[in-house]
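Right, one structure below, let's go through it.
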Number of protein chains: 2
Amino acid sequence: MIKLLLADDQALVRGAMAALLDMEDDLKVVAEVGRGDEVVDAALAHEADVALLDVEMPGMDGVSAARDLHRALPSCKVLMVTTFGRAGYLRQAMAAGAGGFIVKDTPARQLADAVRRVHQGLRVVDPALAAQSLAQGDSPLTDREADVLRSARDGGTVADIARELHLSDGTVRNHLSSAIGKTGARTRAEAVRLAVDNGWLLS
Amino acid sequence: MIKLLLADDQALVRGAMAALLDMEDDLKVVAEVGRGDEVVDAALAHEADVALLDVEMPGMDGVSAARDLHRALPSCKVLMVTTFGRAGYLRQAMAAGAGGFIVKDTPARQLADAVRRVHQGLRVVDPALAAQSLAQGDSPLTDREADVLRSARDGGTVADIARELHLSDGTVRNHLSSAIGKTGARTRAEAVRLAVDNGWLLS
DNA sequence: CCCGCACCGTGACATCTGTCAGGGTCTACT
DNA sequence: AGTAGACCCTGACAGATGTCACGGTGCGGG
């Protein structure tokens, strides 16, 4: 009997996936959490064998949670189950020790198999997504450029970003300009969108 | 036996919800679709009693699908099940003839009850969301302002928007300025974010 | 040690944006 | 008929933005 931990911020989806997985004879959901920072404690308390983690969660993102969990309980495999097939997410999730990565677009009947494979130590990755991730390469942004883009996400002015990051206006403009150049965008907003779509703004 | 139609673009979520609902003795999922423009046909073909619709879907948004479905098959009740509790979505969904509106944050065990209530003709609405919707009022944006904001979403320049909408640069700037003023934003990007968050950019 | 590179800052420049004041057409309502 | 409001355009202006050139600081690898 494989013991499962479910982590997803949407209670309805979480419960529905629990119902789906509990229908399998060899699987059992032993814990459900709605926040990233509750993953490790729950996994330890219930000795989970496989953890299904969403990427977008309050408290802590799923990739960071996977990293912590991999350290705290190496026997527990991780299967990332996420809405967005961002290549950057996949890359970072694998680096964080995840055993599999599937998007919520995949047919429901494949989920149980994916769990079993991850439990056996096999890697489960969407082929199309893997190809995209390989072709696209790693994030071209420096840490600071990513910081600035993150701060620019909610639409503030240069002055707002400078205040938030304790930088000079000019420095913020330089980082933005550099990020715009690297992403091939023509606008700050476009650069933000591209970086988000590629999953470059996680950590 | 209440016959259900599920519409959600994420196959995994759709299948999981089907599993959850099929566990109830009086409910049966008779059809699943992944696109908004397939809702009406599927509902007619299977004579669904209740349709669970997501708002964000390819092909056609869930609110428009609800409107069409309400016309084509008035006996079929609609329960919107969506990720984002945007007040504007709720308002437009109810105007489109939806019988209920719940977010995916709600506990899984409440879903079956919500379906039954909607089937009986009762209204099911998240109280907090209803209050927010009432307090916030309707969209202050004119059609054109919404168009311009929609076109500004992907971060293009004024010239890009003007080309896309066959308008003059100055007119676009005027609409943007007006939208910025009405939303209380200080930047185009901020105005876009606010409008999206409030669900003002649907149709 | 020296080089490259990320990082922080300054100053200057052309361009883009957001705002304002106009003036025009159309529709809907009184 | 008159009024109000959405819609489109023009022109002008201050301020914000994106770009460039430049100098300076650390840190790691060759």
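Here is the naming used below: chain letters follow the sequence lines, and residue numbers restart at 1 for every chain.
Proximity of a side-chain donor or acceptor of A:Asn198 to a complementary backbone N or O of A:Gly88 within less than 3.5 Å is not detected.
Rounded to an integer number of Å, the gap from CG of B:Asp143 to C1' of D:dC8 is 15 Å. To the nearest angstrom, C1' of D:dC8 lies 9 Å from CZ of B:Arg144. As a whole-Å value, the separation of B:His175 NE2 from D:dA6 P is 11 Å. For B:Leu141 and D:dC7, the CG to C1' distance is 15 Å, given to the nearest whole Å. Distance CD (A:Glu190) to P (D:dT17): 17 Å, rounded to an integer number of Å. For the pair A:Asp169 CG and D:dG18 P, the computed distance is 12 Å after rounding to whole Å.
Under 4.0 angstrom from either OP1 or OP2 of D:dC7 there lies at least one side-chain N or O belonging to B:Thr142. Taking only side-chain nitrogens and oxygens, B:Thr171 comes nearer than 4.0 Å to OP1 or OP2 of D:dC9.
Between B:Lys182 and B:Ser168, the residue anchored nearer the 5' end of DNA chain D, judged by the nucleotide with its closest heavy atom, is B:Lys182.
Within 6.0 Å of CZ on A:Arg109 lie no more than 12 heavy atoms contributed by other residues, nucleotides or ligands. Residue-environment remark: CG (A:Asp169) exceeds the threshold of 12 foreign heavy atoms within 6.0 Å. Applying the 6.0 Å contact sphere to CD of A:Glu47 captures no more than 12 heavy atoms from other residues, nucleotides or ligands. Heavy atoms from other residues, nucleotides or ligands lying under 6.0 Å from CG of B:Asp197 number more than 12. In B:Arg193, the CZ atom is crowded: over 12 heavy atoms of neighbouring residues, nucleotides or ligands sit closer than 6.0 Å.
When DNA chain C is scanned 5' to 3' for any atom under 4.0 Å from a heavy atom of chain A, the first and last hits are C:dA6 to C:dA12.
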Practice item. Indicate for each nucleotide in nucleotides 19-26 of chain D, in 5' to 3' sequence, whether protein heavy atoms under 4.0 Å reach the base (B), only the sugar-phosphate (S), or nothing (-). Key: BB------
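Here A:Asp54 does not pair with A:Arg14 in a salt bridge; the nearest charged N to carboxylate O distance is not below 4.0 Å.
Between A:Gly59 and A:Asp37, the shortest heavy-atom distance links the atoms CA-OD2, 3.6 Å.
Under the 4.5 Å side-chain criterion, counting only non-hydrogen atoms from C-beta, B:Asp160 is in contact with A:Arg186.
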